[in-house]
Amino acid sequence: MATDSAPTQAGSLLGLMQDDYPLTIKYILDRARTVNGRATVASFDGEGLTRATYREVGDRVDRLCGALTTLGVQPGDRVATFMWNRQEHLEAYLGIPSMGAVLHTLNLRLFPEQLQYIVEHAQDRVVIIEDTLVPLLAPAVAELGIVEHFIVVGDGPVEGLTGQVHRYEELLAAAPESFAYPEIADDRTAAALCYTSGTTGNPKGVLYSHRSTVLHAVGECMADTFGICGRDTVLPVVPMFHANAWGLPYSSTLTGANLVMPGKFLQAEPLAKLITGERVTVAAGVPTIWLDLLRYADEYRPDLSSLRVVPCGGAAVPRVLLEGFRERHGLNVVQAWGMTETSPLGAVAHAPHDVDEAAAAEFRLRAGQVSPLVDVRIVDAEGEPMAWDGEASGEVEVRGPWIASRYYEDPTGDDKFHDGWLRTGDVASIDDRGYIRITDRSKDVIKSGGEWISSVDLENELMGHPDVLEAAVIAKPDERWTERPLACVVVRPGSDTDAEALAAYLSGRVAKWWEPDEYVLIPEVPKTSVGKFDKKALRARLESGELRGAAGDQS
Ligand code: ADP
């Protein structure tokens with residue numbers, strides 16, 4: 001009997017589905033402007049909101065692609081963005097990959113030397129830049145001579161930009177109304193490029209494909225992750241240059257969720273007003289942002305009742321944050337874990353349904369349950385997989401359809417990959433339901449007397465003190481024990497909490513040998529370019545003798 005299905009390996013048949021139907025960002029663009037054409041993106045400029053429907057955005061994307069083609073952009077070329085979260089950034093997200101080029105999101109909080117390195121490494125031919133940010137980028141790239149065109153969003157001054165300078169709106173107005181998109185038959189084609197923030201060594205480029213981006217967007221729509229859907233209004237507080245704003249621009253346009261773009265206004269007050277005014281249902285950002293909002297909410301009681309989920313990740317989420325929002329404001333802050341290399345969705349910490357509230361609270365404190373389609377394991381120092389017993393602790397490795405397989409043009413990063421798995425540098429245990437409990441990043445872990453002390457756990461406990469605003473614990477070299485914990489603590493202004501009080505507070509809450517030997521009160525914990533505690537900077541201060549504390553051990 002004739003059959004269309006060819007046998008593959010012994011005894012198996014190939015399926016007869018349209019498996020070569022490409023998963024592309026062009027599909028998301030088409031769906032955004034048709035099925036989801038009435039959904040809106042609202043951009044905040046400090047005073048008011050500018051709104052556009054996804055249908056209007058789609059029309060502008062056509063013009064953007066036409067304009068970029070006129071400037072000579074070819075498939076595969078890198079087109080960078082240097083913008084806060086706003087409508088034009090969404091247009092770049094949808095348009096640049098759809099025309100076959102590569103969207104490169106530049107992190108505007110990086111130092112000039114890092115920006116210079118990245119622009120040169122990526123060979124960005126065009127940069128779309130917000131006018132107010134010109135002074136940040138111009139000095140970094142002026143001498144490189146790599147960027148041929150700057151497209152400036154807004155009417156502000158453009159001094160210092162070299163190459164040809166255009167105004168975004170003028171280019172769009174002059175561009176043809178429609179654009180003939182190339183067919184992207186192979187969905188493994190590169191779509192976007194994002195560099196890790198380079199906390200160790202030079203930044204490394206993660207090159208996302210169309211397929212990985214679409215699958216990741218779908219992953220975000222599952223109820224067990226963030227459940228993004230057409231009834232949502234999503235506020236990505238996480239910048240679009242930080243791990244693709246966690247994929248929210250794509251999952252929102254795919255489903256028809258409205259987007260609210262906060263621009264550079266990431267302080268508690270404007271965020272609270274946006275949430276109240278726009279009836280935001282999903283607001284996502286790093287813990288620092290939500291710690292500020294929690295303090296603001298405790299004092300001013302804004303109406304945050306529209307929020308159904310507040311995804312929070314990028315760094316360990318302190319207990320005070322999770323429980324403060326839940327208990328005092330009835331809000332569901334959900335911890336998530338991921339990296340630039342994982343697109344970034346890797347794990348989400350919803351509590352299981354079959355445990356009591358006390359146990360649920362502990363599950364929410366974990367980095368999360370490994371997300372569907374992502375594969376995780378922990379390995380020992382020899383790279384051997386370890387048990388999922390919730391006890392054994394090793395380095396987390398991940399693989400899956402939206403996990404990086406190597407870095408862009410960077411063989412020095414090869415040691416981050418192991419047998420087809422990405423090595424994360426995070427140290428964790430995993431339980432039998434796939435919940436990951438991160439104790440540290442391997443470079444932050446404190447090795448004392450041959451045992452490991454979790455800086456994350458110590459920080460969590462310290463931040464539970466009512467007068468502590470921020471706490472970061474680092475290793476201090478110690479002759480006897482190799483390393484001992486040193487706690488850098490920010491206390492509420494006017495509070496008289498000192499080292500002695502902190503030591504007394506921790507006593508009994510953690511093992512005696514975990515208690516920090518020293519406490520340093522500092523005005524603020526330094527932050528990285530994506531708003532995380534910068535322990536590398538603290539370690540440098542310690543080394544230069546700048547951090548001197550008081551002994552906490554009163555015994
Ligand atoms: P960078 O490595 O420059 O900080 P990423 O933003 O990609 O850039 O950071 C990824 C890292 O952030 C992870 O490897 C992990 O150490 C940390 N991280 C992310 N989410 C969490 C979380 N929920 N708990 C603990 N650590 C987290």
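A quick note: this is a predicted structure, and the numbers were derived from the prediction, not measured. One-based numbering, in listed order, for ligands and for the atoms of each.
- Heavy-atom contacts of Thr340 reach the following atoms of ligand 1: 5 (P), 7 (O) (cutoff under 4.0 Å).
- Residue Thr196 places no N or O, backbone or side chain, under 3.5 Å from any N or O of ligand 1.
- Checking only distances, Ala336 does come within under 3.5 Å of ligand 1, N or O to N or O.
- Residue contacts with ligand 1 for Met339 involve both N, CA, C or O and side-chain atoms from C-beta outward (heavy atoms, distance under 4.0 Å).
- No N or O atom of Ile438 sits closer than 3.5 Å to an N or O atom of ligand 1.
- Counting heavy atoms closer than 4.0 Å to ligand 1, residue Ala315 contributes backbone atoms (N, CA, C, O) but none from C-beta onward.
- Thr288 contributes a side-chain N or O that, together with a main-chain N or O of Gly531, makes up a donor-acceptor pair within less than 3.5 Å.
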message = Before you tell me yes or no, could you show the steps for Ser393 and Ile378 under side-chain contact (heavy atoms from CB on, under 4.5 Å), namely the whole-Å CA-CA distance, both residues' side-chain angles and the distance that decides it to 0.1 Å?
response = CA-CA 7 Å; Ser393 175; Ile378 42 174; over 6 Å; no
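- Checked by atom type and distance alone, the side chain of Glu461 never pairs as donor or acceptor with a backbone atom of Val510 at under 3.5 Å.
- Of all the listed residues (Ala316, Gly368, Gly531), Ala316 holds the heavy atom that lies closest to atom 24 (N) of ligand 1.
- Shown here is Gln123, whose CD atom has more than 12 heavy atoms of other residues, nucleotides or ligands within 6.0 Å.
- Taking every heavy atom of Gln335 and a limit of under 4.0 angstrom, the matching atoms of ligand 1 come to 22 (C), 23 (N), 24 (N).
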request  = Would you sort out whether Arg406 and Phe417 count as a side-chain contact (heavy atoms from CB on, under 4.5 Å), showing the intermediate values?
outcome  = CA-CA 7 Å; Arg406 70 179 77 119; Phe417 301 94; 4.2 Å; yes
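- Of the N and O atoms on the side chains of His89 and Thr81, at least one donor lies less than 3.5 Å from an acceptor on the other residue.
- Across the listed options Gly314, Ala428, Gly338, Gly338 owns the non-hydrogen atom lying nearest to atom 10 (C) of ligand 1.
- Looking at Val206, Asp426, Val348 and measuring to atom 13 (C) of ligand 1, the nearest heavy atom belongs to Asp426.
- Residue Lys532 holds the heavy atom nearest to atom 9 (O) of ligand 1 of all those in Lys443, Glu341, Lys204, Lys532.
- Using a 4.0 Å cut-off between charged nitrogen and carboxylate oxygen, Lys204 and Asp410 count as a salt-bridge pair.
- Under a 3.5 Å cut-off, the side chain of Asp431 and the backbone N or O of Asp389 do not form any donor-acceptor pair.
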